[in-house]
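Scope of the values below: all heavy atoms of this structure, side chains included, with no hydrogens, waters or symmetry mates.
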Amino acid sequence: MNADAVVVGAGVIGSSIAYELAGAGLSVLVVDKADSAGRGSTGASSAVVRFNFSTWDGVALAWESRHCWEAWREHLGAAEGEALARYHRTGLAMLDAEVAPRERVLPLFDQAGVAYEEWSPDTLAARVPGIDTGRYWPPARLDDERFWAETSRRLGAVYTPDAGFVDDPQFAAANLAAAATRRGAAFRFRQAVVQVTRAHDRVTGVRLADGTLVSAPIVVNAAGPWSAALNRLAGVGSDFTVGVRPLRQEVHHVSAPPGFGPIIADLDLGTYLRGDAAGGLLIGGTEPECDPLDWLEDPEQAAMAPTAALFGAQVTRAARRFPALGVPDRPRGVVGVYDVTDDWTPIYDRTELPGFYVAIGTSGNQFKNAPVVGGLMAALVQAVENGADHDRQPVRFHTRHTGHTVDLGAFSRKRPINADSSGTVMG
């Protein structure tokens, strides 16, 4: 079996990369161990589209991606009448928190053209009925008396009206896979990669679990929480300054309080909340320092049922912010395994093995950027394959809708750790 490029992973990132590589004229094969597109980390995403990042390149990518989501049918070249995932523009209120001061992000919003409003505590209370505007920083565990302490301090928020969410993240990945197929890409599901082949110090393809050898001069690792294992198969990573690890995560589901409005990013208490179209509320954590993180050696080890302890902690934090919110006795939600870098910033790069590329460390906060990640990875692959020295002179990617330029060196495997990152899925 031969292809110009093999993409390992058919999540929203891998499917987007396949779509753009096929659009550039390459024959593309996508391989995934699941039975359909978007069945891994993508399906467990809250699919929030927000713009609050600590770097210019992060803000610019997210702002460009929002334009793609709003014009999703056009982005995919999909026919009228084809069923597609939908973008819901709800707005997002990022509550003030010391770990992510508004002074850090607002100049980047101004530079990118992101619309925003600065809300005082009184404005926050008026615009989001039922919210408790108390400032409780730092987040605490429920068995810590500080969690239950009253406060006279109050917080405001930065509101971005164009933020929102995609209603079905797995379906969005399926949309991209279908669009890639229309461009000639092929998908093989229920197949794991067991070997990355190489010759003369260059990648030459992959071998699948059923023994199939796929010859290809380009391999892209978009394997999500299995990305580190695939890197080991390829023998790459010795020059990485940023590591990736699988992290088990839970997102919980309850009934929304009456009149719930914008998405709430609440790093002050360590949680985030977003509504859905059916009157429900998704509640996730923002990895506060008081909570132990569930790092895994092997993604297959993850228990895939929500736990009562984590459900109680996250929903009770949300109820502290919205006192009318009920805390059910039985946990309900989704569990996923995220692929997380040391600073929660992804790696979009080449590697020391020519022809082997990575789009990794994306889980948790890069779903929103998937439409643009496909394009930037295709641009990176084409530039490097045509002789560009990306390590010395990073490729610059020009966004189509917003007209910005993104330095792909910001996502280098050799970059310094981003010290300004909030260290969370929301940072």
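- Here the side chain of R50 pairs no donor or acceptor atom with the backbone of T160 at under 3.5 angstrom.
- Considering CG of D391 and CD of Q393, their distance stands at 12.0 Å, rounded to 0.5 Å.
- Using a 4.5 Å heavy-atom cutoff, the side chains of E289 and P138 are not in contact.
- Checked by atom type, the side-chain pair Y272/S46 shows a donor-acceptor distance below 3.5 Å.
- Distance CG/L95 to CH2/W119: 9.5 Å, rounded to 0.5 Å.
- Ring-plane geometry between H75 and Y19 is classed as tilted, the angle between the planes lying from 30 to 60 degrees on a 0 to 90 degree scale.
- Note that CG of D32 is 12.5 Å distant from CZ of R188, once rounded to the nearest 0.5 Å.
- Pairs of residues two or more places apart, or lying in two chains, that qualify as ring-ring contact (aromatic ring centres under 6.0 Å, His included) and include a residue from residues 229-263 are H252-F311, F260-F322.
- Put simply, the side chain of H404 never gets that close to the backbone of E64: no donor and acceptor are under 3.5 Å apart.
- Between R350 and D389 there is no salt bridge, since none of the side-chain N atoms of the basic residue sits less than 4.0 Å from a carboxylate O of the acidic one.
- Pairs engaging residues 255-264 under the side-chain hydrogen bond (donor to acceptor under 3.5 Å, both in side chains) rule: none recorded [sequence neighbours left out].
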Legend entry - Trace of the side chain to side chain contact (heavy atoms under 4.5 Å, CB included) decision for Y357 with V384: CA-CA 10 Å; Y357 297 83; V384 173; 3.3 Å; yes

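- Under a 4.0 Å N-O distance rule, the pair R415/D343 qualifies as a salt bridge.
- A donor-acceptor pair under 3.5 Å links the side-chain atoms of R321 to the main chain of D132, judged by distance alone.
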Inset, instruction - Mind running ring pair (Phe, Tyr, Trp, His ring centres under 6.0 Å) on Y338 and W344 for me, showing each step along the way? - result: CA-CA 11 Å; Y338 290 175; W344 288 85; 7.2 Å; no

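- Closest heavy-atom contact between A44 and V251: O-CG2, 4.1 Å.
- Applying the 6.0 Å contact sphere to CD of E82 captures more than 12 heavy atoms from other residues, nucleotides or ligands.
- For D339, the side-chain contact (heavy atoms from CB on, under 4.5 Å) partners two or more places apart in sequence, or in a different chain, are P225, S227, V244, I360, S363.
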Inset, instruction - Using the side chain to side chain contact (heavy atoms under 4.5 Å, CB included) rule, take F51 and L108 through it: C-alpha gap first, then chi angles, then the decisive distance, then the call. - result: CA-CA 10 Å; F51 322 115; L108 302 177; over 6 Å; no

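- W137 contributes atom CH2, which lies 10.5 Å from atom CG of L269 (distance to the nearest 0.5 angstrom).
- Nearest heavy atoms, A180 versus A22: O-CB, 4.4 Å.
- Using a 4.0 Å cut-off between charged side-chain N and carboxylate O, R413 and D239 make a salt bridge.
- Between E385 and I218 there is a side-chain heavy-atom pair separated by less than 4.5 Å.
- Counting only heavy atoms from C-beta outward, the side chains of L282 and F165 never approach each other to under 4.5 Å.
- No donor-acceptor pair under 3.5 Å is formed between the side chain of Q170 and the backbone N or O of T42.
- Using a distance-only test at 3.5 Å, with no hydrogens or angles considered, a donor-acceptor pair links the side chain of Y87 to the main chain of G164.
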Legend entry - Chi angles and distances behind the salt bridge (charged side-chain N to carboxylate O under 4.0 Å, His left out) call for R135, D268: CA-CA 7 Å; R135 186 187 293 268; D268 181 73; 5.2 Å; no

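- In terms of modelled atom types and a separation under 3.5 Å, the side chain of S16 and the main chain of V12 share no donor-acceptor contact.
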Inset, instruction - Let me see the working for F53 and L61 under side chain to side chain contact (heavy atoms under 4.5 Å, CB included), right down to the final yes or no. - result: CA-CA 10 Å; F53 286 87; L61 281 186; over 6 Å; no

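- The nearest pair of heavy atoms linking S412 to I347 is C-CG2, 4.2 Å.
- Salt bridge status for D349 with K414: absent, with no side-chain N to carboxylate O gap under 4.0 Å.
- Heavy atoms of other residues, nucleotides or ligands lying less than 6.0 angstrom from CZ of R102 number more than 12.
- The aromatic rings of H67 and H401 sit parallel, their planes meeting at an angle under 30°, below the 60° perpendicular limit.
- Taking all atoms of both residues into account, the shortest heavy-atom contact from P257 to L281 is CD-CD2, 4.0 Å.
- At least one donor-acceptor pair under 3.5 Å links the side chain of S45 to the backbone N or O of A47.
- The shortest distance between side-chain heavy atoms of V28 and R183 does not fall below 4.5 Å.
- Within 6.0 Å of CZ on R332 lie no more than 12 heavy atoms contributed by other residues, nucleotides or ligands.
- Cation-pi geometry between R66 and W63 is met: the NZ or CZ atom falls under 6.0 Å from the ring centre, inside 45° of the normal.
- Checking side-chain atoms of T351 against main-chain N and O of F356 turns up a donor-acceptor pair under 3.5 Å.
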Determine all donor-acceptor pairs shorter than 3.5 Å in which one atom belongs to a side chain in residues 292-306; sequence neighbours excluded.
unit_1 : atom_1 : unit_2 : atom_2 : d
D298   : OD1    : E300   : N      : 3.0
E300   : OE2    : K33    : NZ     : 2.7
E300   : OE2    : W226   : NE1    : 3.2

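- S120 places no side-chain N or O within 3.5 Å of a backbone atom of G156 that could act as its donor or acceptor partner.
- In this structure, A10 and S15 approach most closely via the heavy-atom pair O-OG, 3.2 Å.
- In this model, a donor atom of one side chain and an acceptor atom of the other lie less than 3.5 Å apart for R154 and T133.
- Taking the salt bridge (Lys or Arg N to Asp or Glu O under 4.0 Å) definition, one finds that D291 meets it with R317, sequence neighbours left out.
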With a cut-off of 3.5 Å and sequence neighbours excluded, list every side-chain donor-acceptor pair involving residues 374-381.
none

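- No side-chain heavy atom of D276 sits under 4.5 Å from any side-chain heavy atom of D167.
- Closest approach of P346 and T362 over heavy atoms only: CB-CG2, 4.0 Å.
- Side-chain atoms of T181 and F187, non-hydrogen and from C-beta on, do get closer than 4.5 Å to each other.
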Legend entry - Worked check of side chain to side chain contact (heavy atoms under 4.5 Å, CB included) between V242 and I417: CA-CA 7 Å; V242 183; I417 296 293; 3.9 Å; yes

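- When each of I17, L21, V7, V6 is paired with V30, the side chain to side chain contact (heavy atoms under 4.5 Å, CB included) condition holds for V7 and for no other.
- Residues D144 and C290 fail the side-chain proximity criterion, which asks for heavy atoms closer than 4.5 Å.
- Taking a 6.0 Å sphere around CG of D110, one finds it holds more than 12 heavy atoms contributed by other residues, nucleotides or ligands.
- One N or O on the side chain of N175 and one on the backbone of A85 form a donor-acceptor pair closer than 3.5 Å.
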